Each structure stands twice: as C-alpha cells, then as structure tokens.
> 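One structure follows; several queries about it will come next.
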Amino acid sequence: MSDNLRTRFLSTSLIVGFFLLWEVLCIILNVSDLVLPRPSEILVTMYNRFPVLWPHILQTLSTTLIGFAFGVTIGVALGVIVGTSKVAYAVAYPLLVGFSSIPKVAVVPIFVLWFGSGTTPAILTAMVICVFPIVVNIATGLATTEPELEDVLKTMGASRSEILWNVGLPRAMPYFFASLKVAITLSFVGAVLSETVASNMGIGFVMMTASSNFQVSLVFAGLILLALMGVILYAIFSLLERRITGWATRGNDIAIT
Amino acid sequence: MSDNLRTRFLSTSLIVGFFLLWEVLCIILNVSDLVLPRPSEILVTMYNRFPVLWPHILQTLSTTLIGFAFGVTIGVALGVIVGTSKVAYAVAYPLLVGFSSIPKVAVVPIFVLWFGSGTTPAILTAMVICVFPIVVNIATGLATTEPELEDVLKTMGASRSEILWNVGLPRAMPYFFASLKVAITLSFVGAVLSETVASNMGIGFVMMTASSNFQVSLVFAGLILLALMGVILYAIFSLLERRITGWATRGNDIAIT
Amino acid sequence: MNMTSNIPAPTLPIATPETTPASVRARSAIELQAASVVFGTGETAVTALSPTTLKMASGEFLALVGPSGCGKSTILKLVSNLIRPSAGVVLVGGREAAARKLRIGMAFQNPTMLPWLTIEQNVMMPLKIVEPFKRSYRQDKKGAFRDRVHALLKQVGLGDFANHFPWQLSGGMLQRSNLCRALIHEPDLLLLDEPFGALDQFTREELWQIMQDLYLDRAPTVLLVTHDLREAGFLASRICVMSARPGRVISDEPVTLPQPRDIATIYSPEFVEMTQNLREMIAQARSS
Amino acid sequence: MNMTSNIPAPTLPIATPETTPASVRARSAIELQAASVVFGTGETAVTALSPTTLKMASGEFLALVGPSGCGKSTILKLVSNLIRPSAGVVLVGGREAAARKLRIGMAFQNPTMLPWLTIEQNVMMPLKIVEPFKRSYRQDKKGAFRDRVHALLKQVGLGDFANHFPWQLSGGMLQRSNLCRALIHEPDLLLLDEPFGALDQFTREELWQIMQDLYLDRAPTVLLVTHDLREAGFLASRICVMSARPGRVISDEPVTLPQPRDIATIYSPEFVEMTQNLREMIAQARSS
Amino acid sequence: TDIRFTLGWKTQGSDAPFLVALNKGYFEEEGLNVTIDQGEGSAATITRIMGGAYDAGFGDINAIIQNAAARPGEAPVMVFQMWNRPPFAIAVSKESGITKPKDLEGLTLGGAQGTPTTRLFPVFARLNDIDIDTVAYESLAPNLQEPMLIRGDIDGAYTFTVSSWFNLIANRKDPAKDFTWLNYEDYGMDLYSNGMMVSRALLTENPDAVAGLVRAVTKATMEITKDQDVAVEAIVAFDNLVDPELERARLEFALTKLMNHSETAETGIGGLVEARLARSIDLIVEGYGLEATPAASEIFDGSFLPPVAERTLDVALN
Ligand SMILES: Nc1ncnc2c1ncn2[C@@H]1O[C@H](COP(=O)(O)OP(=O)(O)OP(=O)(O)O)[C@@H](O)[C@H]1O
Ligand SMILES: Nc1ncnc2c1ncn2[C@@H]1O[C@H](COP(=O)(O)OP(=O)(O)OP(=O)(O)O)[C@@H](O)[C@H]1O
Ligand SMILES: [Mg+2]
Ligand SMILES: [Mg+2]
C-alpha cells in the first residue's frame, strides 16, 4: 500500500516536473511564445477560451469515440481473420501495410468528396486510422497462442469458433489492450486531421483557425486538450486491462507480517 | 508445399483483384480522376515520371529508415524502462499517450523552426511518430512474461539485466515484431508529413507540388510508391520475424507419408 | 484434507443422459492399424512411434507403460485426433478421425489449465463445450453445474481452491484439477496421461479408488499412461508394454485379478508376481 | 538409449574450480527459523507453510516428503530466495537472502525450459550466467561448454535431442533436461523438486545412480522433494516428513544405511522396514 | 436549393460578403440553402468544385484559367470577381535593402506551393528579367512562412498580402515599417484574383440559383462597404474563435487594397474588363506553358451580375 502511494506520488511529481521543466526551459532559452508557448500561458488561454472551446471538445470527442468504436470492431474482426487464415494473412497484411503507410491527409479529401465535410469524414478517418494496430496485435496474439491450450478444447470437440472465444481471444487480450492504447491516440489524430481539412467544428478546426491567425497559445491549448482526452481514455482502458488481463501480469503476492 | 503454393496463388490473385476492382469501380461509378484516378492511370504516370521520382523515393526512404532506426532504439529502451519500473510506467505512459494523441502536423513546424527545413525534421518526425507503438508492445511483452521463466534465471543469481536479455526481451519478441509493422508505416507517414510541411525533396514534396498543380495521378503515384515501400519493409520484417519468433508460432509438423 | 475413498463417484444433480446408450458406447472402441508418427522432415526427423497395431474394445481399461519418450503421449494424441498418423490408420468406433463426435475426457501429461480462468471455470469448460451439457449450459443451468464441479473438486481435496487461479496451486493440486476436467463431463473415452504422477502415495491411492469406482460404475473406455506398475495393475483390465523410442507394443497382457480391487490387493503375492514379470519384460526390452 | 550407470559424473573439460573451497562450502548450510509463507491477503489468503524450523548442514542430502500442497515447493523457493518468508527467517550460509551469492542448481517441479532456446542452449544457460563459468563463456570457450553439455545430455539419454526445442520433447525428456540444467554448473546447493516424477522406473533408477555418484563425488548440499519413499531412502542422508497443508515438519530421521547404496539395497529388509515406518508416519499425519 | 460553398482559406475578415449574406439570411431570401465550409487555399477551391464536393466557392481566377486549359468544359466559372487587384507579393525585410525584383537574384524565397504567388513567380521573373535559376526555393507550410522570414531562414516569402500582412502583425512586426512588399501588380502582373465561382453543373442546370447567389453576395458586399460592424458580427457568428478586431482590419485591407481597382468605377464591384482578363489569360498560359488558351467567356460569366449602378463601390470605413 505505502509502496503504491509512493509510486503515485513519485509519478505525479515527475509529470508535474515535466511541465515545470518546459516552463523553465522556455524562460531560460527565451523561446518565443510564437514557437512554443509556456504551459502557464496555455493554461490561461485554455481557461479564458473554455466556453468557446467546449462544444469543439465535445465534437472531437464524440467523433473520435464513434470512429474508434467502429475501428476496434473492424480491427478485431479483421485480426481474427488474419490471425486464423493463411490466405487472409497473405492478402490483408500487404494491403493494410500499404494503406497504413499512406498519410491519411491524402485520404481525407476523398472522404470529403464522397461524404461531404464535417462529422462523417472525421468519423471515417478516426476509424480507418486505428484499425491497423488492432489487426496486427490481435493477429499476433492469436498466432502465438500455445497449441497446448488449444488442444485442451480440441479434445472436447470444440468448434473453431469455440476455440477462438474460449482460448484465442482471451489469450490475445494483453495484445489487444496494448493495441488499444495506440489505436485511441491514432483515432484522435485521425479525427482532428479530418477536422482540419474539412469541418467547421472540433479541435482540429480550432487549431487550424488559430494557427492561420498565429494564435499559437490557442493552438497549444487545443493540443493539450487532445492530449488530456487521450490520457483519460487511456486511463479507462488501463482499468479495464488490469481487470481483464491481470492473469498475464501476475506477480507473487506474499503477505509479509 | 502445394498447400503453400495455393496460398500464394490465392493471395496474389486477391491482391490483383483488389486493384482490378478499384479500376472497374472507378469506371462504372464514373469517378473523376481528380478525385480518385484509376490504377492504370497511376501506373502510367509512375512509369513516365519515374526518373524524376527516383531521387525523391531515395530521400523519403532514407529519412524514414534513419528515423525509424532511431525510433526503434528509443522505443525499445523506453519500453524496457516502462515495462520494468512501476514509476516509469506511471510517468511515461500518460506523457506518451498525451503526446501521441497530438497530430504530428502541429509538431513538425516546431522542429522546422529549431532544426531548419529538409531532412532533419523529417527524420525527427519519422522517429517520434513510431516510438509509441514500440514502447507499448515491448512494455506489454515484458509485463506479461511468465514469472516462472524469470525464476529460472533468478535462481542462477542472474542480474536484472541478464534476466532482461535472456528472458524478457526474447519473450517480448512477438510483441516487438507486431509493433514494428505498425511503426514502419507510421515512420513513413511521419517523414512524408514533414516533407509536405517544409522540404524540397521527398515524396511528400512531390505530392505537395503535384497537388498544387492539379496533377492528381502524380499525387496517387506518390501514395502508391509509399505503400509499396511500406510493404517491402514489412516483407523484410516478416522474414526476420519468422526466423526469430518461430518458437511462438509453432504448429505440429507431422510428416505424412 | 477430508478425503475418504468411500465418497461415491460424483452424483449428477441435473438431468443428463446418465447411462450412455450401447450404440454410442460401441463407438468408443479403438483400433490402431500400423499407425506411425514421424515429426519433422529430413535430418531432424524424429520417429515418435513405430508402426503400432493396438485394439481396444469399448469399456476396456488399458494401461500403457514404457520408457520415457517411447510414444505413449503420442498414442493418446492419435486417439483423441489431435494429430494424424504419418502412416497407418487410427479408428475410433470403427471410423477414422471419429473421435470428434465422441465424448472424450483427456488429462494431459502437463496440466494445461487456461491461465485466465479459475480452477472452477477450468473444470467447468467441458460442460460449456460438450453436448449435451452445452445445451443446458446455455439454458443457464450454471448453478447446477457449479455444484457439480464443486462436488468433484471436493472429492479430490480441492474444495477450498475452486476460486483460485492455476498459478496459485501446487504441482499436485494442478494435476488433480486436470483430472477433474477430464472427468466432469462423464466421457465415454478417457485418455489419461500420467494423471497421478505428481502426487504422494496416499493421495494417489485415494484417487485410484475414485477412478476405479467411476470405471466400474460407468464403464467408459480408458487408456491410461503410467510409470507406476502397481497403478497399472490396480486399475487396468489389460496392460500394454512399449519398447524404447521409436516405440512398439512388445507385450499385451490382461490383468486377471477380479474387480473391484482394494489397496490390500497390491501387496498380494499374485499382484507382486505380476508386477515383477512386467518389470522384467521392460528390462529386457530396454537392453535389446 | 545407451545409458549405463558406470559413466562417471560429467568430466569438466575446462579449468574451473573443481573442488569448491571449504569456506564456500560452509556457505551452503541452510536454516529455516520459524519461517512461514502466506499468499494473498484477507479472505483468499492461503497459508502455504506454517512456521517451520529446519536445519541442514553443508553437504547434507535431505529428502523432503509430504502430501500434495503441503508446502514443499514453497520451502525450495524460500531457500533459493525466489520468495521471502511472511514471517521468520531463512538463512543460507548463516546469512539472510545469501542464496544470491551461492552457486545454486534448481530443478523446478514443472520443467520451465525457455521455449525460444534449444535444449542445448537451455542447459547451457547456467554456464552463461553463473560465475566462474560466465567469465570463460565470454572468453568464447563456448565450444568446450558445448561438449560439456552434450556429455551430460548423453548421460541422461538425450544425446540426440540437443538441437531440439523444448516442445519437441516428451514429458520425461523435458524433466531430464531440466535436471541437466540444474547440474551442469556443479552447484554447491542443489534444490530438486520431484526431478524424476515423470520417468519410468528404469530411467529413474539410472538417474538415481548418476545423482548418487555426483553427490558422493562433489558433496553438494542437496534438498530433494519427492513422493517416492524408495527414492528418498536410496539417495538421502536424512528424510523429513511434512504434514498436510499448512505444512510443518513432523518427522526428521537420518538414513543410516551406508553410502554408496545400490539398487539391490531397496529390496533389503532394513530398507523396506524404513519405508514402511515412513509410510505409517505419513498416514498418521494425514488422518490427524 | 442546397448550395455547398467553400471559402478560400480559414475564416477571414475578407470573407465577410459571404458570411454576411449567410448571417443576414440573404441566401435564404433567394431560396438558397447555403452551407459554408472553410477552405484549403484559393487554388484548392477549384479542385473542390471540380471534384463535385462543392457547388460554389471563393477562389482564384488564375487557377480557373489553368484548369480550363487542361480540362475544357470542366473548370468552374467565375461569376463575381470580388478582388480586382491581386494580393500576390514577395515580402522581404527592409534591412535586406531589396527594392526591386532584380535584387532577388541569388536569394532564397519560401512559400507554400499552393499559393498563386509561388506558382506565378516564373512569370513574374520573366517579366522583370530575373534569372530564375539563381533564385532558390524553399517549400513551406503556410504557417511557417512568416516565422521563417522573420528569423531570416529565408530571404523573402511568397505571400498572400491579405494573410501575411496580418500574420506579421500577429508575430509582433510592423508589416509596413519592417518589410518591403514587391507587389506583382506593380511589376507587370495586373491580374485579377479571388472571386465567387460556381461549378459548371450549377451554371447550366440551375442558373437561377447562380443568379440568386450573385444577388445575395452583391447585396452583402455593398452593405459591408458601408458598415463593417455588420461584417464583424457575421464573422464572429460563423466562427467565434477569431479575433474580431484583427478580422475587421483584414476586411478593411481587402476593401481598400484588393477591391478598389480604378476600373471599378465603370465595371462596378463583381465585374471585370474583358481585355484585362484576356491579358491575364495570356500571361497565365505563357507562364505555365499551357497547351490551350481558354476563352475569356469560359472563365468569367458576368451575366448574373445586377446592374452596375447597384454595384458601385464607395467604401466608408467606420
Ligand atoms: N511436437 C513434436 N515435435 C517433434 N518431436 C516430437 C513432438 N512431440 C513429441 N516428439 C517426439 O516424439 C517422441 C515420443 O514422444 P511422447 O511424448 O509420445 O513420449 P512419451 O512416451 O509420452 O514419453 P514420456 O513418458 O517421457 O512422456 C519423443 O522422442 C519426442 O521427442
Ligand atoms: N503463487 C501462489 N499464490 C497463492 N497460493 C500459492 C502460490 N503458490 C503456492 N500456493 C499455495 O501454497 C500451498 C503450498 O504449495 P506448494 O507448491 O509449496 O505445495 P507442494 O508441497 O509443492 O505440493 P505438490 O506436491 O502438490 O507440488 C498450496 O496450497 C498452494 O495453493
Ligand atoms: Mg508423455
Ligand atoms: Mg510442489
């Protein structure tokens, strides 16, 4: 317990320290606030402009989450297919790798042309950008499942889908949660990207407007808000992860008296 | 063997089919080549402009690879720290997640202002963008290492670093290779991104020029080239992966006579 | 631990086909016809099993003994259809690869409990997967199933550990839960790979009793791999001895002692003689 | 399999301290002072080991027997410093947690070979990690080490499997390589957790011989967990019996038979009497 | 009728005509349901319209010319020429001592590739006898232009005055005092620039809608020449993130420096002089080495404009 508290204290102070360092370095190195504003300035801006920012935050958060939810669903489904079928592996991987190597900025305009500007392309972008890491990790998790564990169910006459549900997927959970952390950050990037290209709402829009007018500290307020949202979602996944994959990260829990 | 050949044939034809479908859909739906050129047009453009494109390909490939190499090194190092220390886990994860949720487009200008335009910011962007997935997967791989395997080395009086080298890292290899696939695609995206923001070389620059001259099929030629480079690197990693993590994806190899 | 050998085989608190019909029973006859297994190819090829022919009637209790690495586990995997023979034929109930349709209970040599499930959930797994239990499982009879699992766990002395995870158990405890998982769904065909190896003599003898009661009660076909000749003699109706790798069956003898047997039997002269004979046979096979 | 018990303990083809100095030897004395282990907290807490006091002199060969789940493996883990006692003290060579400095050879109950290494590489691991071998390993004496590993593997009948991966071995073969890994670096303290459990009687007896030769030759301190009373009697210089969980040592007797012993000894009347006595003691402990 | 309308760039004071028309319901009065989105550059407006995502927009006439040459019959058509003077200029610091185009030789100029200023530089160079091979180019994102110019990373920037002027102010510089502006307009490139254009499809299928658009925009334009408060109100209503004072200044800049060509007296705002357009077309065709020379009628269609009397420019700043 006290160990736990110490960890928390240390980590909080280190994170606070990070921002302090940023502040101090900016002052010492005399960094122009047009290049990199100090955290304190950003905070002030964020506070002052919060009423204006709020609807944009909601917009970005909701498009991101919707896109992310779709992305995770598709990613898991594709991951299962890729992880279990050799042909799917050989087909899907090159296509997915190829597609992922393309900057999504180039894809968003196409979405805009097909679906108009605004929320739809943002959701789509948030979705497509987060699929790949999930596919890779689910597929790897399934492919590295110990055959011995699958054998247990095979002898019971389990069908392929039963083996998948009872062995493959639970076994792949640590991989899955690892990929979620990457995927959610990508989803935010995707949604914001699409907003910068074509939308009149969202943090991406705010940042674009702000940066075209050189309101640098507003740009950074947007960035910090994005980071915060990412961290909050990460925290939620972490909780889930601890509950679900505790078996994989177990240690000895000896009671010392 | 013949099974292997069939897989290869099927997958190749499916991939070819994908491009055919694209071609046919473009014709049927009468998609303007300003929106989405047909693969055949792209191919022709690529062929015609290849001498011009070649130095740009080399530029993007080399900046990406350099950035990627740095990124992997840093990612593995950070991943090891995060995966083995509770405090590092609690500090580094929120910061990394926050940073990763930020679109890199917003960061590149800062790099440019600090390091000038051209190759350096491209390498840096390719680097920072690919660190996170590697950190996550290495850390997860280490955290999920079976304590029994570590115990083997502990009883031998192995130091923490020996345990890391002989148990943790080999155990984390499947995770590592999974993250490499994601990381290399992100590196390409990062390098190209930086090239579009400030550079006079590279595929990103070509795409920028092409799109401002309304040469859409040249833009897509650039995209396809990026995808191709991604796929080739993926293939190389796949080979390595098969050699190194074969133990994790083993199956029964019974000789049927 | 409150383990007495008088506890009857686990009573089934829910309606399931208690007695398997004869037609199904006949299906659990086993036949290996010159079945051999070779792992790998080229230089690294390992012959795990020489062409082996072996027949088992339904309801037989066969013990398989033989030196380490001779292919005993391989035979079990062949019968359970986990692997296919490189050559030859494996028939279960007269058909190839028919094992799929059969209710099989398999205790692996290395207890492979699923690490994300508690012992209770692990032992419950066959009830979730195997018909006809599967159906009732879906109909949310989980409460009844849980009672059944707990009863069985209690019988093997793991009553307090139902909610523990596999890595919280000792080696012997794991092996016992492994056995429970093989028995819980009252299989027609039991494949047991050294199920008592990691247990002390007393626990082992108690489980022998449970095993024997269960066999006499339900008469499944049982294939037991063991290194303990007394175990083989106590439980089996027939003992097969295998030669060293690549293995073949070199001796195939019925155990004539009447069943049920009790622990005292193993100190009887006939029993000692029988095990001595087996011992010698194995010794000969080794030196050849 | 070409296994004869006359083969001497593996000869060391390279210069290493063949005889450990007495000062180091004294370090391998073991003492548990009211050491207890409780896993978990609150309702799910499991007492794995009651406060246990146990002393072992350097060079002693102690066999630990007791019912499944009584805490035998836990004691080995305490001694090897893998876990700390919840209460009490564990001293090795008179110091707490001193095991780190000692050359320990441990054979885990569940053979935990690293799956990405071949058997040869797995067995070689201690030579890569433990001083003074580590130094020579870096100096690229790997060739000599490889010979050494091969010699040992051959001795236990695994000569052909050096380049196989763990999952390509049978249960008994894995256990043998597990033993090799514990022996290869000539440890001062040997902790063996049922190292012969998955082996047939003959292979087992051969390994007993090898074990005994090694013990008489180098006189390491050995702590052997076993369920086989004959094994305990044949090998050990002292036998401790533990009660059921949470375990305590309930009997602690020296084995007076002269060493070396041969397989015939286990059929001698004194030996049979001794094992019978032990049996009864355990039986009593169980029912209490 | 639904009209999707794209601006030339992010919300700026100079977009006021459209935003006022939207805010005050002038489009609705014409029976038009207009949605306005931000743009990606005044050239991208053309692509967006040609791709079919937008029906109308605020963009650069020179980009129309270029596209009309390459794809006759597909390019959008200008129906209201808002800016009759070009905002294209090269900005260099006063300290550099540069006063004329020829001085640019041997220097490094930076700018976004999409900006007409960048893309028209070869024409500018030829007209002013600059050896273009000696001028290095640095491709930069728009938001890097001014910072890099200020830091001296580039010697000069290809600017869009109406943006750059105010970006420099935001960067705490005085654009008039600290910088020299080589306006293309002053060196032989008397081009038209941004205006409202519509897609070919809209033009042919729904000319009434186009007429409505033009009427509404004209009305709004005339209104803001007199009353910039209305404009600022509309801008903030559209995008509450902008700095109202800055955008007011930007609007005034547009009114006084981009919309006040002397010819306006006869053409009125929104119209143009065909001869001047023809000259522009020749310049562009020559500058880009285009294969065809589009007719002026293919570029501009003034038939929807209300009578000149209703479009007389008389700017009054308040
Ligand atoms: N997956 C595999 N790949 C390659 N070889 C294998 C594999 N599984 C088993 N073998 C080999 O097959 C042979 C027989 O193995 P098997 O597990 O059947 O032995 P066993 O009789 O069960 O021995 P034990 O009593 O030691 O468990 C062994 O030599 C082993 O090395
Ligand atoms: N990591 C752990 N977490 C919780 N409980 C544990 C853990 N390890 C062991 N135990 C408990 O400690 C007790 C003693 O375990 P131990 O492994 O020492 O038994 P053992 O004497 O070796 O038994 P066996 O002969 O079956 O191997 C058991 O009841 C077991 O459930
Ligand atoms: Mg076996
Ligand atoms: Mg144990």
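Order of the sequence lines fixes the chain letters, A, B, ..., with proteins taken first and strands second; residue numbering starts at 1 for each chain. All values derive from a computational prediction rather than experimental measurement.
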> With a 4.5 angstrom heavy-atom cut-off, which part of D:Asn163 approaches chain C: side chain, backbone, both or neither?
neither
> Looking at every heavy atom in both D:Arg279 and C:Phe202, which two are closest together, and how far apart are they?
O-CZ, 3.2 Å
> Between D:His227 (side chain) and C:Ala198 (backbone), is there a donor-acceptor pair under 3.5 Å?
yes
> If you round to the nearest 0.5 Å, how far is CD of C:Gln201 from OG1 of D:Thr275?
11.0 Å
> Just how far is it from atom CE of D:Met173 to atom OG of C:Ser68, taken to the nearest 0.5 Å?
6.5 Å
> Could you list all the salt bridge (charged side-chain N to carboxylate O under 4.0 Å, His left out) pairs where at least one residue sits in residues 63-72 of chain D, not counting sequence neighbours?
none
> Treating D:Asp200 as the side-chain partner and C:Gly66 as the backbone partner, does any N or O pair qualify as donor plus acceptor under 3.5 Å?
no
> Between atom CD of D:Gln109 and atom OG of C:Ser170, what is the distance when rounded to the nearest 0.5 Å?
6.5 Å
> Do you know which of D:Gly197, D:Gly171, D:Ala48 has the most heavy-atom pairs with chain C at a distance under 4.5 angstrom?
D:Gly171
> Is C:Asp193 close to chain D through its backbone or its side chain, or both, or neither, when contacts mean heavy atoms under 4.5 Å?
neither
> Heavy-atom distance under 4.5 Å to chain C: side chain of D:Val46, backbone, both or neither?
side chain
